[in-house]
Amino acid sequence: MAAPVLTVAEAAEAAADFSRGYGGWTWPEVLRAAGAVLPEGIAEDAVERLFAANPREPRHPAQAFTEALQPWTLPTPAPPRVIELSDPVPVGPMPYGLPDLYDVELLAQWFGLTVGELEWFADRGRWLRNARPPLRHYRIWRRHKRDGVRVIEAPKPWMRETQRRLLRRVVERMPAHPAARGFVAGSSTAAFAWPHTDRPTVVRVDLRHCFESITVGRVRRVFADIGGYRAPIARVLADLCTTATPVDELTGVEYGHAALLRDRHLPQGAPTSPHLANLVMRSLDRRLAGYARRNGLRYTRYGDDLAVSGDGIDADRVLWVVMRIVAAEGFVVHPEKVRIMHRHQRQQLAGLVVNDRPQVARDDYDNLRALLHNAIRDGAATQNRDGHDDFRAHVYGLIAWVGATSPARRQRLLEMARQVDWAR
């Protein structure tokens, strides 16, 4: 009998995910669903036990699956000792080398704040929703898109520095799933796209209002379940990383989008939000990566962009499974940004064409060359049509994006940029 590898909580979560994932009570379907939620090497044996006890579909699949997992499930541990605020030390080491923050006073000292200041930044009473703009922690503006607006909530300097400290010392130390290729040190859009290079079919799915869909409760579970922090500390940390958009900032925002913004959510613009989104989506990544592995496919994610590819892929079936898993994980697929891209078409992920190898599309490269050519001839200001505050930095950012997958293109663009008079 195999050694125990699952906790009771993990077994229960796997059982709940499994019960939503199979299409019919057949060996291939049940094995596929089990492989998407279990560690490698367990699924086949667990399904064998499941079918031995339930040759016909049971009335309660999750309960039957939980019973089948008993040989691999650790016994329920004794409840932990309740730690009072006066306790001098916490119980047990922290995972991932995280700082040992076990009461609110210690947490405030760690940030260099008083408890009152910490409560103000965390906005525990949500009083800042109705405060005058100078007292709020975020500056808010909008960027218009084809299908609505993107609401940017940028923390003010003191709040931003508090979040950056939390990001460096806590959030970044908790690992994202390996399939996450965005907002991870050393990763890039090219790392997201490479696994899908030269594939017969690529399926791309975009999540709608991804950050706004991540509630304070889900962030709290990250700090509690992954970070190992006690509930009072996890609540304060989650409150520091989330916000509820003031009502007066929601005028003209589509109703469904505004409803998400009114509740506490991850703000677009906060330094902690991208990696926290990765951590919240670990379950989504685990399920989709498991499904891909069991079916000989490849799966990666860059922010809210999901990609699945493979040889002999049943694209409609893959899309159906992906959409079911996405919905079960509490996210919404953007229907206008779903793409099934075959080899004879342009296969594009995160702005990179992947038919041969990841690189920026030729027309995007040509447009940037034209911009630099005109800037050399007429001055940089004539090309700053979108009113960027630092147009030079913006252009060099575009050059870095193009050059990340083509050193030759980068060199040609840099030579042109050096000839631009950025002062006129």
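Computed over heavy atoms, backbone and side chain alike; hydrogens, waters and symmetry mates excluded.
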Report yes if some heavy atom in the side chain of [X] is under 4.5 Å from a heavy atom in the side chain of [Y]; otherwise report no.
{"X": "Asp304", "Y": "Phe211", "answer": "no"}
{"X": "Ser213", "Y": "Val332", "answer": "no"}
{"X": "Arg385", "Y": "Gln383", "answer": "yes"}
{"X": "Arg160", "Y": "Lys156", "answer": "no"}
{"X": "Pro133", "Y": "Pro246", "answer": "no"}
{"X": "Arg235", "Y": "Phe223", "answer": "no"}

Taking the basic N atoms (NZ, or NE/NH1/NH2) and the acidic carboxylate oxygens, is any pair closer than 4.0 Å for [X] and [Y]?
{"X": "Asp366", "Y": "Arg362", "result": "yes"}
{"X": "Arg294", "Y": "Glu29", "result": "no"}
{"X": "Asp311", "Y": "Arg199", "result": "yes"}
{"X": "Arg424", "Y": "Asp421", "result": "yes"}

Task: Ser283 versus Glu329, side-chain donor and acceptor atoms under 3.5 Å - done: yes
Open item on the list: Quick one about Glu153 and Thr245 (side-chain donor to acceptor, distance below 3.5 Å, no hydrogens or angles considered), yes or no?
Closed with: yes
- [ ] Could you walk me through whether Trp158 and His137 pass the ring-ring contact (aromatic ring centres under 6.0 Å, His included) test, one step at a time?
- [x] CA-CA 9 Å; Trp158 198 0; His137 294 318; 9.1 Å; no
Using a 3.5 Å distance criterion without hydrogens, assess whether the side chain of [X] forms a donor-acceptor pair with backbone atoms of [Y].
{"X": "Arg339", "Y": "Val202", "answer": "no"}
{"X": "Arg230", "Y": "Tyr102", "answer": "yes"}
{"X": "Gln345", "Y": "His342", "answer": "yes"}
{"X": "Arg264", "Y": "Asp239", "answer": "yes"}

- [ ] Test the Arg218-Phe331 pair against the cation-pi criterion, namely NZ or CZ under 6.0 angstrom from the six-membered ring centroid and within 45° of the ring axis.
- [x] yes
Open item on the list: Using the ring pair (Phe, Tyr, Trp, His ring centres under 6.0 Å) criterion, which residues pair with Trp401? Sequence neighbours excluded.
Closed with: none
Task: Asp123/Arg136 under salt bridge (Lys or Arg N to Asp or Glu O under 4.0 Å): CA gap, chis, key distance, verdict - done: CA-CA 10 Å; Asp123 191 19; Arg136 297 172 185 170; over 6 Å; no
Can you list, pair by pair, the side-chain donor-acceptor contacts under 3.5 Å of residues 406-413, counting residues two or more places apart and other chains?
from	atom 1	to	atom 2	distance (Å)
Ser406	OG	Arg409	N	3.3
Arg409	NH1	Val360	O	2.9
Arg410	NH1	Gly403	O	2.8
Gln411	NE2	Glu415	OE2	3.4
Arg412	NE	Tyr365	OH	2.9

TODO: Take atom CD of Glu105 as the centre, draw a 6.0 Å sphere, and report whether it contains more than 12 heavy atoms from other residues, nucleotides or ligands.
DONE: no
Task: Pair Tyr291-Val308, side chain to side chain contact (heavy atoms under 4.5 Å, CB included): steps then yes or no - done: CA-CA 10 Å; Tyr291 169 75; Val308 181; 5.5 Å; no
TODO: Please say which of Asn355, Thr201, Thr300 ends up in a side chain to side chain donor-acceptor pair (under 3.5 Å) with His196.
DONE: Thr300
Task: Selection residues 251-270 - residue pairs positive for ring-ring contact (aromatic ring centres under 6.0 Å, His included), sequence neighbours left out - done: His209-His257
